[in-house]
Amino acid sequence: MPKELEKTYQPQSIEAAIYKRWERSGFFNPDTLPGRRTKPFTISMPPTNVTGELHLGHALGFTVQDILTRFHRMAGYKTLWLPGTDHAGISTQIMVERLLQQEGLSRDDIGREKFLKRVWEWKNKYGTRINDQTRSLGASCDWSREHFTMDPALTAAVHKAFITLFNEGLIYRGARIVNWCPRCATALSDLEVKHIETSSKLWFIRYPLSGSTKYIVVATTRPETMLGDTAVAVNPKDQRYTQYIGKKIILPIMNREIPIVADARVDREFGTGAVKVTPAHDAADYDIGTTHHLPVINIIGQDNKMTKEAGEFYGKSVQDARQDVIARLETEELLEKTVDYAHHQARCDRCNTPIEPLISKQWFLKIAPLAKPAIAAVKSGTINIIPKRFEKVYFHWMNNIRDWCISRQLWWGHQIPIWYCGPERTVPAEKIGFAGDVVRQLFKGKTVTYRLRDHHLTVGDRVAVENSTTGQIIGIATINKIECTTVGKLPLDNPMHGATYSHINQLIARFKVHYPKIRVNAATPAYIYTYSFAALDADHGCGATIASSDKPKRCPHCKQTKFLRQEEDTLDTWFSSGLWTFSTLGWPKKTIDLKRFHPTSVMETSWDILFFWVARMIMFSLKFVKQVPFRTVYLHGLVLDKSGKKMSKSKGTGIDPLPMAEKYGTDAIRLSLVLGTSAGQDFKLSEEKIAGYRNFINKLWNVARFVLSQRTPKAQELEIKNLADKWIIGRLNTLNGAVTKNIEQFKFSEAGTALYEFLWHDFADWYLEISKVEKNYGILRHVLSVWLKLAHPFIPFVTEEIWSRLAPAGKNNMLIVQNWPRAQQEQSTLGLAFIQQYVTLLRNFRAENKISASESLSVSYWGSKAPLIKENERWIRPLSAVQTMGMSEQPQVSGSLPGLNFFVDYRVDASKRKQEVVALSSYIQKLEAKLSNKNFTDRAPKEVVDEVRSKLAEQREKLKKLL
RNA sequence: GGGUUCGUAGCUCAGUUGGUUAGAGCGCCACAUUGACAUUGUGGAGGUCAGAGGUUCAACUCCUCUCGAACCCACCA
């Protein structure tokens with residue numbers, strides 16, 4: 001005998017024990033699920049960042065995923081929900097850096113190895129905590145298959161992916177302008193940069209024309225970058241400036257002569273129509289600089305300080321340099337004016353530091369070739385995105401995608417599986433998918449042509465120098481001068497900067513061996529870059545770049561061992577999570593799991609990582625396993641605080657899910673996250689809402705208490721004995737169908753709301769009350785048990801607990817593995833619906849006439865439906881709080897329904913009745929107007945017209961009785 | 001600059017392919033209450049569905065515009 005239930009539901013004492021029972025049962029694991037299951041259902045849990053603790057967004061995601069998982073498990077699928085955590089490179093590193101900061105240390109103080117040890121300690125602590133929290137939210141995921149993005153198996157997958165892409169020439173290394181976060185001291189991808197509206201100023205600076213007293217005025221938000229200007233650009237169609245195109249300007253302060261170039265990208269409307277061009281520190285200027293072959297002068301270093309190139313400002317912070325430059329310009333009367341200006345400033349997504357665009361050597365992934373099939377997969381419907389409107393956003397982003405900077409100068413992450421043979425990290429890569437550079441080099445007084453295995457080199461880079469005729473590495477040298485001249489067209493589609501015609505044939509011959517896919521194209525302009533080297537280091541590696549997971553035994557090219565050194569950069573954290581759906585199933589090994597569970601069924605995550613993650617998974621999965629990673633993407637909205645802002649722990653506006661779960665129960669939290677919300681739509685959540693669902697859970701608890709308090713012989717369980725039985729079974733069937741359909745269509749709110757309405761209103765308010773009279777407790781118990789199954793995906797804890805007391809015990813008799821109910825035959829619910837209206841009218845009568853409860857009422861009723869009332873009088877009386885009731889015709893009418901009149905023996909307030917007459921008349925008028933409209937009767941469907949007709953007749957009859 | 005979402009009862013939000021006198025929860029008002037449940041029950045008040053046009057027999061729902069709010073993307077210095 002189950003011990004008696006507490007008067008109110010106490011989640012705290014129940015949840016942990018139930019979770020433990022589930023976990024021990026093995027039901028989370030598809031391999032140990034009972035029953036014959038052939039069709040797989042897989043969800044790959046978005047790996048939780050090990051940065052800290054869970055927030056409500058996680059709780060929402062887990063809830064939706066758990067609903068889907070539990071539903072499919074009960075519906076007979078071989079169900080796998082695979083959990084895991086993400087190392088979250090930059091975010092976690094920041095957390096640990098902050099921790100160190102409290103100890104007065106920086107990561108450089110303790111070094112890479114010790115720092116990583118600290119991060120692992122962090123990861124172990126928070127990874128465990130997060131998994132515990134995930135358990136406490138009821139997630140029915142298979143912990144035996146749990147993964148972490150830096151597990152050895154997943155690291156192997158990352159290496160495999162990187163090396164494959166590298167060998168195919170899709171990954172390359174080059175010096176490009178990138179988003180540099182000075183605080184994190186790393187490059188970032190475009191996605192990791194947020195644009196925040198900032199009020200700033202626009203400075204108008206005079207640039208004197210060379211050999212003239214005239215000047216051109218340029219406008220800038222960053223006056224300090226003028227030190228690195230190498231041109232002024234104007235729109236070629238701008239009448240104001242056409243005469244100056246090709247002329248020179250003397251750059252103030254630096255006194256450097258720079259050209260005026262024409263470029264269509266310059267907006268004539270903005271500022272003065274003339275733009276200062278700083279290729280080294282602005283992405284747009286970088287592009288202009290590339291077009292016009294402008295020199296690139298780095299005046300800002302990675303430490304956010306001015307470089308030697310900044311002359312007298314060397315060593316100053318960017319902010320100080322700005323003030324000093326402005327002051328200098330003012331004293332030289334070159335500052336025309338300053339105006340207030342609001343613009344969007346680029347900031348680091350993680351630490352909010354303003355981004356400094358810098359040229360630095362990074363690894364990039366050519367992503368357009370991967371994007372193409374990924375676009376097709378969504379376009380063809382192989383992948384479905386819910387809600388659909390996000391498909392548009394996806395297409396827009398994918399169609400405009402730019403190469404992805406995948407290297408990070410972080411310590412926490414997957415170290416790039418690249419090995420260099422040589423002492424310097426600037427030694428360029430060999431197999432990088434483009435032809436490379438051939439340079440004429442002035443060295444030791446002789447002109448020799450060498451080949452460099454990279455382009456976009458800058459002064460100060462140390463490079464491996466190879467004799468391109470013999471292929472022999474001569475040494476490692478430092479570039480101290482670069483010049484550029486244009487020579488004409490080259491026959492290769494990749495920019496072969498600096499190739500001379502005499503070497504092209506040799507090169508093609510060479511590259512045909514290494515890069516059989518290289519294509520020939522006659523339209524590429526070529527330039528000769530002449531690099532001068534300061535010194536040659538004879539003790540060197542061969543400069544080869546080797547892609548390898550482990551340290552190679554020796555350099556495959558020069559066979560030396562002593563110069564091998566791994567690339568120090570790590571990969572963007574999203575590179576590894578992009579492999580998540582298949583790396584966690586064993587890829588690159590051909591595992592049974594991979595075959596069975598991939599593609600996964602549903603990807604459930606929040607819309608704000610559509611690009612970061614979802615898009616990348618689609619691209620990588622198509623690339624590496626030739627399958628979509630998932631069939632459906634369900635995007636949930638963001639949980640907002642009361643004021644409609646994204647919840648933030650630092651601002652204290654967040655609701656922490658775990659104390660809430662402690663206070664109100666996990667089931668209540670889950671309902672509050674899923675009910676009244678819709679896919680992709682952000683929503684506000686308040687504690688009051690959670691409390692409301694706690695009340696519902698308690699209501700359920702008490703319903704169960706009542707049901708359990710009644711003895712029921714098993715045999716009579718499904719015997720429909722009366723009108724109410726018929727009705728509740730009918731309603732239950734409808735509910736069953738609706739819940740099933742709505743979950744299948746990802747309409748969780750509708751499914752949950754239907755469950756809520758049924759339990760509280762149909763079942764508790766009506767059926768349960770009736771059953772106190774009718775005492776058909778078999779049906780009562782049956783309905784509750786079916787309802788528990790239907791509701792289990794939403795509120796697993798309380799349903800499992802009640803189930804354990806309702807059903808015979810036994811491992812396989814846990815609710816979590818019960819078969820999903822199938823809707824039974826339809827039952828007519830009309831009879832009871834009619835009585836409900838009657839009861840409501842009577843209750844209404846008492847309330848509106850302010851008849852106190854103690855006063856007893858006597859009611860007579862008659863009409864064609866009267867026998868129906870007569871049959872059920874025994875429970876209608878208590879429900880309507882009428883003491884005496886009988887079938888007999890009366891001269892007066894207190895109220896009526898179609899086929900039923902009733903009279904209450906009580907003096908009533910006449911004004912109430914008057915109000916009702918007015919309302920009824922106006923409604924009747926409305927219906928009449930509708931029917932007298934010939935257009936309506938002719939064109940509207942017959943059913944609609946008939947409905948209006950019968951309604952009108954009904955209302956007219958009602959009115960007649962009232963008068 | 002391009003794009004998206006939202007504007008429905010005091011508050012938080014539902015509203016499926018256009019057809020019910022527009023719904024729920026919370027709050028409010030009135031009444032009830034010792035046996036499933038005060039984390040309760042019964043009843044009620046409260047909305048010209050942001051505004052203006054249009055399409056239609058019929059518009060909260062479709063179209064256009066306007067006004068508010070939020071967000072995403074983008075190299076206007």
Side-chain angles (χ1 to χ4, degrees), chain A residues 5 7-9 177 190 195 202 218-222 225 233 265-267 269-272 274-278 282-288 343-344 346 357 389-390 392-393 396-397 400 607-608 610-611 637-638 640 642 644-646 664 675-678 680-686 688-689 691-710 742 745 747 749-750 753 756-757 764-765 768-769 772 840 843-848 850-854 880-881 919-920 922-923 926-927 930 933-941 943-945 947-948 951 955:
Chain A
L5 272 63
K7 206 166 173 180
T8 54
Y9 177 56
I177 194 149
D190 295 340
H195 297 90
L202 200 55
V218 297
T220 181
T221 51
R222 299 202 53 194
T225 61
R265 282 167 285 198
V266 177
D267 181 356
E269 307 298 319
F270 188 87
T272 60
V275 192
K276 60 188 275 306
V277 182
T278 323
D282 183 281
D285 291 5
Y286 179 80
D287 290 346
I288 292 177
H343 74 298
H344 291 268
R389 69 184 133 92
F390 281 101
K392 205 172 163 181
V393 183
H396 181 258
W397 190 75
N400 295 292
W607 59 260
D608 57 338
L610 181 62
F611 306 142
L638 271 30
L640 307 175
K642 267 186 189 166
K645 296 263 176 252
K646 204 169 166 177
Y664 296 107
L675 269 59
T677 69
S678 53
Q681 201 60 49
D682 301 347
F683 62 96
K684 294 179 208 176
L685 183 69
S686 59
E688 293 76 52
K689 186 174 176 186
Y693 288 113
R694 184 268 320 266
N695 295 355
F696 171 70
I697 301 294
N698 191 58
K699 183 77 183 178
L700 164 63
W701 185 253
N702 278 290
V703 166
R705 267 182 12 119
F706 178 80
V707 174
L708 287 164
S709 68
Q710 310 303 331
N742 282 318
Q745 297 180 354
K747 292 179 183 171
S749 177
E750 290 187 38
T753 308
Y756 179 102
E757 293 294 323
D765 291 348
L768 194 145
E769 293 302 326
K772 285 176 181 170
T840 305
R843 286 169 173 170
N844 211 327
F845 186 90
R846 188 185 278 274
E848 295 213 323
K850 300 216 185 314
I851 304 167
S852 84
S854 55
S880 56
L920 212 49
S922 85
Y923 183 37
K926 222 159 135 187
L927 293 174
K930 213 169 194 180
N933 181 349
K934 200 161 179 308
N935 277 328
F936 174 70
T937 48
D938 288 356
R939 299 203 200 178
E943 307 90 73
V944 176
V945 180
E947 209 184 317
V948 174
K951 218 175 269 167
Q955 300 307 318

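Per chain, numbering begins at 1; letters A, B, ... match sequence-line order. Because only heavy atoms are used, hydrogens play no part in the values below, and waters and symmetry mates are left out as well, while side chains stay in.
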Output a table of nitrogen or oxygen pairs between the protein and nucleotides 43-50 of chain B separated by less than 3.5 Å.
from, atom 1, to, atom 2, distance (Å)
B:G44, OP1, A:Asn844, ND2, 3.3

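- Qualifying salt bridge (charged side-chain N to carboxylate O under 4.0 Å, His left out) partners for A:Lys772, counting only residues two or more places apart in sequence or in other chains: A:Glu769.
- Side chain A:Arg694 to base B:U39: a donor-acceptor pair is found below 3.5 Å.
- Distance noted for atom P between B:G7 and B:U17: 16 Å (whole Å).
- Donor-acceptor pairing under 3.5 Å, judged by distance alone, is present between the side chain of A:Lys699 and the base of B:C37.
- Regarding A:Tyr9, its OH atom lies at a distance of 18 Å from the P atom of B:C37, rounded to whole Å.
- Contact of the A:Val703 side chain with the A:Leu768 side chain is registered, since non-hydrogen atoms from C-beta on lie closer than 4.5 Å.
- If you check B:A30, B:U40, B:C37 against the side chain of A:Arg705, the one that comes closest is B:C37.
- A side-chain N or O of A:Lys276 and one of A:Thr278 form a donor-acceptor pair less than 3.5 Å apart.
- Separation of atoms CD1 (A:Ile697) and OG1 (A:Thr8) is listed at 13.0 Å; rounding is to 0.5 Å.
- A:Ile177 comes within contact range of no nucleotide atom at all, as no heavy-atom separation falls under 4.0 Å.
- For the ring-ring contact (aromatic ring centres under 6.0 Å, His included) test, residues two or more places apart in sequence or in another chain that qualify with A:Tyr756 are A:Tyr693, A:Phe696, A:Trp760.
- Checking A:Gln955 against A:Ala691, the closest nucleotide of RNA chain B that is more toward the 5' end is the one next to A:Gln955.
- One can place CG of A:Asp608 at 13 Å from P of B:C71, the figure rounded to the nearest angstrom.
- Of the candidates A:Val266, A:Asp282, A:Ile288, A:Val266 is the only one forming a side chain to side chain contact (heavy atoms under 4.5 Å, CB included) with A:Val275.
- Counting non-hydrogen atoms under 4.0 angstrom, A:Pro357 reaches nothing in the nucleic acid.
- Separating the C1' atom of B:U12 from that of B:A58 is a span of 32 Å, rounded to the nearest Å.
- A sub-4.0 Å separation between OP1 or OP2 of B:U40 and a side-chain N or O of A:Asn695 is present.
- Only the C1' atoms considered, B:G23 is 15 Å distant from B:U61, to the nearest whole Å.
- Using P as the reference atom, B:U8 and B:A69 are 14 Å apart when rounded to the nearest Å.
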Could you go through A:Asn702 and A:Arg705, starting from their C-alpha distance and side-chain angles, then the distance that decides it, and tell me whether this counts as side-chain contact (heavy atoms from CB on, under 4.5 Å)?
CA-CA 5 Å; A:Asn702 278 290; A:Arg705 267 182 12 119; 3.0 Å; yes

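- Residues that satisfy the side chain to side chain donor-acceptor pair (under 3.5 Å) test with A:Arg843, not counting sequence neighbours, are absent from this structure.
- Counting non-hydrogen atoms under 4.0 angstrom, A:Lys747 reaches the backbone sugars and phosphates but no base.
- Under the rule for a salt bridge (charged side-chain N to carboxylate O under 4.0 Å, His left out), the partners of A:Lys934 that lie at least two apart in sequence or sit in another chain are A:Asp938.
- Applying the ring-ring contact (aromatic ring centres under 6.0 Å, His included) test to A:His343 and every residue at least two apart in sequence or in another chain returns A:Tyr341.
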Using a cutoff of under 3.5 Å, can you pull out all pairs of nitrogen or oxygen atoms linking the protein to nucleotides 13-15 of chain B, with atom names and distances?
from, atom 1, to, atom 2, distance (Å)
B:C13, OP1, A:Lys684, N, 3.0
B:C13, O3', A:Gly676, O, 3.4
B:C13, O2', A:Gly676, O, 3.0

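- Considering only side-chain atoms of A:Val944, the nucleotide from B:G19, B:U40, B:C73 that sits closest is B:G19.
- Secondary-structure stems of RNA chain B, taken as three or more successive Watson-Crick or G-U wobble pairs (i with j, i+1 with j-1) under a 3.5 Å distance threshold, comprise B:1-7 with B:67-73, B:10-13 with B:23-26, B:28-32 with B:40-44, B:50-54 with B:62-66.
- Look at A:Lys7 and you won't find any side-chain N or O under 4.0 angstrom from OP1 or OP2 of B:U39.
- Residues A:Ser749 and A:Thr677 come closest through the heavy atom pair CB-O, 3.2 Å.
- When the C1' atom is compared between B:C72 and B:C28, the two are found 39 Å apart, to the nearest whole Å.
- Rounded to the nearest Å, the gap between the C1' atom of B:U48 and that of B:C37 is 41 Å.
- Here B:G27 presents its P atom at 9 Å from CD of A:Glu688, a figure rounded to the nearest Å.
- In this structure, A:Glu769 reaches the bases: a heavy-atom distance under 4.0 Å links it to at least one base atom across the strands shown.
- The side chain of A:Trp397 has B:C73 as its nearest neighbour among B:G19, B:C73, B:A36.
- Put simply, NE2 on A:His396 and CZ on A:Phe611 are 8.5 Å apart, with the number rounded to the nearest 0.5 Å.
- A distance of about 13 Å separates the C1' atoms of B:G46 and B:C11, rounded to the whole Å.
- Residue A:Lys392 is in sugar-phosphate contact alone, with no base atom involved, counting any heavy-atom pair closer than 4.0 Å across all strands shown.
- In this structure, the CZ atom of A:Phe611 is 10 Å from the C1' atom of B:G3, given to the nearest Å.
- Residues forming a salt bridge (charged side-chain N to carboxylate O under 4.0 Å, His left out) with A:Asp190 (at least two apart in sequence, or on another chain): A:Arg402.
- Take A:Phe936 and apply the ring-ring contact (aromatic ring centres under 6.0 Å, His included) test, not counting sequence neighbours, and it matches no residue.
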At a cut-off of 3.5 Å, list every protein nitrogen or oxygen paired with a nitrogen or oxygen from nucleotides 75-77 of chain B, distance to 0.1 Å.
from, atom 1, to, atom 2, distance (Å)
B:C75, OP1, A:Arg402, NH2, 3.3
B:C76, O2, A:Asp267, OD2, 2.4
B:C76, N3, A:Asp267, OD2, 3.4
B:A77, OP2, A:Tyr341, OH, 2.6
B:A77, O2', A:Ala219, O, 3.2
B:A77, N6, A:Asp267, O, 2.6
B:A77, N6, A:Phe270, O, 3.1
B:A77, N1, A:Asp267, N, 3.3

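- Nearest to the side chain of A:Trp607, among B:G25, B:A36, B:C72, sits B:C72.
- Using a 4.0 Å heavy-atom cutoff across all strands shown, A:Ala764 reaches at least one base atom of the nucleic acid.
- Rounded to a whole angstrom, the distance from the P atom of B:G19 to that of B:G1 is 38 Å.
- Shown here are the salt bridge (charged side-chain N to carboxylate O under 4.0 Å, His left out) partners of A:Arg265, two or more places apart in sequence or in another chain: A:Asp263.
- Atoms NZ and CG, on A:Lys684 and A:Leu638 in that order, are 14.0 Å from each other to the nearest 0.5 Å.
- Atom CG of A:Leu640 is separated from atom C1' of B:C71 by 10 Å (rounded to the nearest Å).
- Taking atom NZ of residue A:Lys926 and atom P of nucleotide B:G19, one finds them 15 Å apart after rounding to whole Å.
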